[in-house]
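Below is one structure, written out as structure tokens; comments come after it.
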Amino acid sequence: MLDLKFIRDNAETVKQAVSNKNAAADVDRILALDEAKRTKQYEFDQVRAQQKIKSKEIGSRKKQGLEVESVMEEVSAMAEAIKQLGAELGEITNELDALLLTVPNLPQEDVPVGGEENNAFIREWCDKREFAFEPREHQEICGDTLDFKRGAKITGSGFPLYRGNAALLERALINYFLDKHVLKHGYTEMKPPFIVNRKTMTGTGQLPKLEEDMYRIETEDFFLIPTAEVPVTNFHAEEILGENDLPVKYCAYTPCFRREAGSYGKETRGLHRVHQFNKVELVQLTCPEDSAEALESITASAEAIVQELRLHYRVMKLATGDLSFASAITYDIEVWAPGAKRYLEVSSISNFKDFQARRASIRYRRNDDNKVDFVHTLNGSGLATPRIFVAVVETWQNEDGSITVPPCLRPYLQNRERLEF
RNA sequence: GGAGAGGUGGCCGAGCAGGUUUAAGGCGUACGCCUGCUAAGCGUAUGUGGGUCAAAAGCUCACCGAGGGUUCGAAUCCCUCCCUCUCCGCCA
């Protein structure tokens, strides 16, 4: 969430940002409520201060054996007024708090304005592989080791099963990602819960906006996580860290659950878009002045993996309309899938600045002046498996239907050089 | 799921038959004094958030797990919920 004082002082900037992000947030209503709240708060404080003094007087008069009836009558009237003012203040506060949660983060200044078509190309890596035969799509290569039909029978569409060597490859990818980030990139591994409560989901900004896109457990009012970002970022919620504790670098493997009802067509076939998938997530909490660099660092860590897998990819900077609610700036890594003949998004790396930290109240104490300030939070996929699975299988496929195992994955697959499905 | 005991500041911990608690005391931390050095000792300071203020200081309000309630007045009494611990039950 944004700082209320900032909204007050920069109303036009905020309105412009809301519009650029295609969001709906009533900034004028927020300003009016803010004004009303401060007035009411002042009144309340005045009366309350009087009441406290007078109430204590009753106590001391009683001890001295003096009469208290007249004072009690006087304070009684104040109590009435306070009850009334408190109720009004509460109503204003509730509405204001709810509205503040609907204001998206401001895009960073260098983010291009506009929709997806305005996403900026940043760089790409290696050429697309040349094939001596017509490359096939992953469903064809993997056959029934990727079982969409039985997944649909057991659960519903969008819940495929991996079996045999497909499951083995999936597991190899996850282990490879984790080892890379833990052993080479300095991240601490975490195994968080896959189910979180409403407060946690609000902390990272999924709620209140995206409730319909998530699986909810009604009996407990819990949610299945759509990404490890949620439990991992909230790990330090309501804490004040030391500056020396920063940066905090966590990586976590979790399954991710997304309802995202209403996605149909070509994009949903095969592993391209599913309701449950696996992802290794990178999360950092940094000092404000270090977050820009951290964004590049997370991006580099994700790219390192795609490079070792020897997949052609490009990095895009998302335009304002394509940015998520909480993000100030996001890079997407898109790998080339030769069978599908298109780019697949395998990682989004975002800097949320203090937006999530403010919601979840994640702070740190600065060394120089001992003051408390919000940390910056960032995260990026490192990486999501289904689309990487697709790109690996399609890029490394052989004409006979097997795949050559990329060298970096061989230690995770009994040093096999080929895999058949 | 059942029974019991708890949840207080960075930490420990008192207060809990409602009334100068503006949360004692200790530890830790910071600064100062003292001191060959270190330790000890002495002194001072030390929460978060809101409001007021150009800003700071000051003043003020809220916060003792969360939310309600009773009362002139709630850390303290009542209700609901959450969490932790002990024992029992169930269970991969």
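All chains are named by letter (A, B, ...) in the order of the sequence lines, taking the proteins before the strands, and each is independently numbered beginning at 1.
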Phosphate contact ([N] OP1 or OP2) by [X] side-chain N/O below 4.0 Å:
X: A/Arg38; N: B/rG50; value: no
X: A/Arg48; N: B/rU60; value: no
X: A/Gln46; N: B/rC61; value: no

**Asked** Considering only heavy atoms, which members of residues 66-82 of chain A lie under 4.0 Å from some atom of RNA chain B?
**Response** A/Met72, A/Val75, A/Ser76, A/Ala79

**Asked** Does the separation of the ring centres of A/His236 and A/Tyr250 fall below 6.0 angstrom?
**Response** yes

**Request:** May I ask you to check whether A/Phe355 and A/Phe325 place their ring centers less than 6.0 Å from one another?
**Result:** yes

Taking only the [atom1] atom of each, what is the distance from [N] to [M] in whole angstrom?
N: B/rG13; M: B/rC27; atom1: P; result: 15 Å
N: B/rG32; M: B/rU38; atom1: P; result: 13 Å
N: B/rU46; M: B/rU52; atom1: C1'; result: 25 Å
N: B/rA75; M: B/rU20; atom1: P; result: 11 Å

**Request:** Just call it for A/Arg8: base, sugar-phosphate, or nothing, with non-hydrogen atoms closer than 4.0 Å on any strand.
**Result:** sugar-phosphate

**Message:** Base, sugar-phosphate or nothing for A/Lys52? Non-hydrogen atoms, less than 4.0 Å.
**Reply:** sugar-phosphate

**Request:** State which residue, out of A/Thr330, A/Asp332, A/Thr377, fulfils the side chain to side chain donor-acceptor pair (under 3.5 Å) condition with A/Ser350.
**Result:** A/Thr330

**Asked** Going by atom types alone, do A/Lys209 and A/Thr102 pair a side-chain donor with an acceptor below 3.5 Å?
**Response** no

**Asked** Hey, are A/Gln356 and A/Glu229 close enough side-chain-wise for a donor-acceptor pair under 3.5 Å?
**Response** yes

Return the nucleotide paired to [N]: Watson-Crick means purine N1 to pyrimidine N3 with N6-O4 or O6-N4, wobble means G-U with N1-O2 and O6-N3, both under 3.5 Å.
N: B/rC42; value: B/rG32
N: B/rA24; value: none
N: B/rC53; value: none
N: B/rA92; value: none
N: B/rU80; value: B/rA66
N: B/rC85; value: B/rG4

**Asked** Quick one: is the NZ or CZ of A/Lys317 closer than 6.0 Å to the six-membered ring centre of A/Tyr331, and within 45° of its axis?
**Response** no

**Request:** Spell out protein contact along nucleotides 9-17 of chain B as letters: B when the base is contacted, S when just the sugar-phosphate is, - when no protein heavy atom is under 4.0 Å; keep the 5' to 3' order.
**Result:** ---------

**Asked** Closest heavy-atom contact between A/Glu394 and A/Gly339?
**Response** OE1-N, 2.8 Å

**Message:** Can you tell me how the ring of A/Tyr215 sits relative to the ring of A/Phe159, calling it parallel under 30°, perpendicular over 60° and tilted otherwise?
**Reply:** tilted

**Distance-only donor-acceptor test (3.5 Å): side chain A/Lys56, base B/rG19** = no

**Complete:** Of A/Lys5 and A/Val372, the one whose nearest nucleotide on RNA chain B sits closer to the 5' end is A/Val372

